[in-house]
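Worksheet: one structure, shown below.
Nothing fancy with the numbering, it's 1 onward along the sequence. What you are looking at is a predicted structure, and each value in this text was computed from that prediction instead of being measured.
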Amino acid sequence: MKMTKRYKSKFILVGFLGMQLFCKAEVYQVGPGKMHATISSVPWESLQAGDTVSIYWQAKPYYEKWVLCCRGTQEKPITVSGVAGPDGQLPVIDGQNAVTRNALNYYNEERSVLKIGGANRPADTMPSHIVVENLEIRCGRQPYAFSGRRGVGKYSKDAASVMVEKGEHLVLRNLVLHDSGNGLMVSSQSSDVRVEGCHLYDNGNPGTITEHNAYTECNGIVFEANHFGPLREGCRGNNLKDRSAGLVVAYNWIEGGNRQLDLVDATGNAALNASPAYRRTLVYGNVIIERDEEGSNQIVHYGGDS
């Protein structure tokens, strides 16, 4: 009897491992002539580690918005990647009158075109090991509207092209983020975020100082080789405003804004203030430009916001 039990358990284990070996990641292709004609037809609620969503360029924008509430792994990240057009054009995701897949149900949808963060459906989790790259994402701002879980809604004043509500081990690469309240927002519940090779410009709200090209508060964030251009006409926000622990700003072009760099105290998560990295901020290799008659005469502001 003992030998039989050992044999059966080994057989079951081998069978299980075999099933794992043959599980392969899915590739979802979106665009003209592809299996998915729209972004909302992708089963975002079912993404697993290693899956890739490839969004192909088309002549008109994709008027769609969604949430990434899923977990990849270091070896098998979940990747959302644009595929450029014949002249290098990035696929355009436009938040104006954008629609959301019916199978998705997530809160704070008025605050972004693309959200990485919490949801009711799929089941809530801490998003992890996600790469978003090669996309132009725009028009997450007032007075634009969208269709979501409660029908037609309006974007909030602080809406963003991309909002990281929470997440860890994230890469945002070669994105064009513009014409939104904030180009990029990263919240204090996030950690290990890398922003590289992106173009952020033409964001903000006229007459206010509270929306920016990028507004971030994170436990470990790196901005490298990005192009920060001027904000929208009449906007008084900063170019990069950050409240993080362990901030690195390296080899960026930063032009315009009330302040080009506004690096101030953390306010949303006590763990950031307590982090050993909180007192170490690295800023090097950047080109920082103050435009004529624009903003204050402070180019870099460090600490003391509160």
Side-chain angles (χ1 to χ4, degrees), residues 157-158 160-168 170-172 175 177 180-205 207-232 235-306:
K157 179 172 173 283
D158 61 351
S161 289
V162 174
M163 180 179 74
V164 180
E165 182 182 68
K166 62 179 181 178
E168 57 188 14
L170 310 177
V171 177
L172 306 175
L175 301 176
L177 308 178
S180 292
N182 295 281
L184 170 66
M185 288 197 75
V186 179
S187 84
S188 60
Q189 305 306 310
S190 305
S191 63
D192 187 21
V193 175
R194 183 174 183 85
V195 184
E196 62 179 39
C198 296
H199 187 189
L200 300 91
Y201 72 101
D202 198 31
N203 297 292
N205 288 310
T208 77
I209 62 172
T210 53
E211 292 79 45
H212 319 282
N213 270 336
Y215 193 6
T216 53
E217 184 171 9
C218 184
N219 191 0
I221 187 167
V222 175
F223 291 90
E224 185 168 348
N226 301 286
H227 182 182
F228 290 85
L231 278 69
R232 288 176 62 208
C235 297
R236 298 169 53 209
N238 301 305
N239 216 320
L240 169 56
K241 180 161 188 170
D242 180 86
R243 299 180 181 276
S244 298
L247 169 68
V248 177
V249 183
Y251 306 115
N252 303 276
W253 182 287
I254 307 172
E255 179 177 0
N258 181 49
R259 294 167 174 151
Q260 285 70 21
L261 291 175
D262 194 27
L263 313 179
V264 291
D265 50 322
T267 60
N269 185 348
L272 300 183
N273 305 79
S275 169
Y278 184 56
R279 299 293 178 181
R280 180 174 171 84
T281 299
L282 300 179
V283 179
Y284 58 88
N286 303 282
V287 175
I288 303 178
I289 298 175
E290 172 79 4
R291 291 157 56 91
D292 289 342
E293 300 178 356
E294 180 180 67
S296 71
N297 57 6
Q298 295 180 339
I299 294 176
V300 178
H301 174 227
Y302 184 81
D305 194 45
S306 298

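Side-chain contact check for N203 and N182: no donor-acceptor pair (N or O, by modelled atom type) lies under 3.5 Å. Checked by atom type, the side-chain pair E290/Q260 shows a donor-acceptor distance below 3.5 Å.
Although no hydrogens or angles enter the test, the distance criterion places no donor-acceptor pair under 3.5 Å between the side chain of N219 and the main chain of A271. The backbone N or O of G237 lies less than 3.5 Å from no partner atom in the side chain of H212, so there is not a single donor-acceptor pair. The backbone N or O of I288 sits nowhere less than 3.5 Å from a side-chain atom of N286 that would complete a donor-acceptor pair. Side-chain atoms of D192 never come within 3.5 Å of backbone atoms of E168 as a donor-acceptor pair (strictly under, hydrogens ignored). Between the side chain of S161 and the main chain of L177, no donor-acceptor pair closer than 3.5 Å is present. Side chain of N239 to main chain of N213: no donor-acceptor pair is present (N/O by atom type, distance under 3.5 Å, no hydrogens or angles). For N269 (side chain) and Q189 (main-chain N/O), no donor-acceptor pair under 3.5 Å exists by modelled atom type. Panel note: side chain N226, backbone N252; no donor-acceptor pair is recorded below 3.5 Å. In this structure a side-chain-to-backbone donor-acceptor pair under 3.5 Å is missing from Y302 to T281. In this structure a side-chain-to-backbone donor-acceptor pair under 3.5 Å is present from S187 to E165.
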Any chance you could lay out the side-chain contact (heavy atoms from CB on, under 4.5 Å) test for L263 and V283, step after step, and finish with the verdict? CA-CA 10 Å; L263 313 179; V283 179; 4.0 Å; yes

Apply the test side-chain contact (heavy atoms from CB on, under 4.5 Å) to residues V249 and I254: give CA-CA distance (whole Å), side-chain angles for both, the deciding distance (0.1 Å), then the verdict. CA-CA 10 Å; V249 183; I254 307 172; 4.2 Å; yes

Could you walk me through whether L184 and F223 pass the side-chain contact (heavy atoms from CB on, under 4.5 Å) test, one step at a time? CA-CA 12 Å; L184 170 66; F223 291 90; 4.2 Å; yes

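The number of heavy atoms from other shown groups lying within 6.0 Å of CD1 (I299) is above 12.
For the atom pair I209 CD1 and C235 SG, the distance stands at 12.5 Å (nearest 0.5 Å).
Using a 4.5 Å cut-off on side-chain heavy atoms (C-beta onward), V264 and H301 make contact. In this structure, the side chains of T210 and N205 stay at 4.5 Å or more apart for every pair of heavy atoms. Residues D158 and Y215 have side chains not in contact (no heavy-atom distance under 4.5 Å, counting atoms from C-beta outward).
In this view, S296 satisfies the side-chain hydrogen bond (donor to acceptor under 3.5 Å, both in side chains) rule with no residue, not counting sequence neighbours.
For residues 264-287, the set of pairs meeting the salt bridge (Lys or Arg N to Asp or Glu O under 4.0 Å) definition, not counting sequence neighbours, comprises R243-D265.
By the 30° and 60° cut-offs, the orientation of the rings of H199 relative to H227 is parallel.
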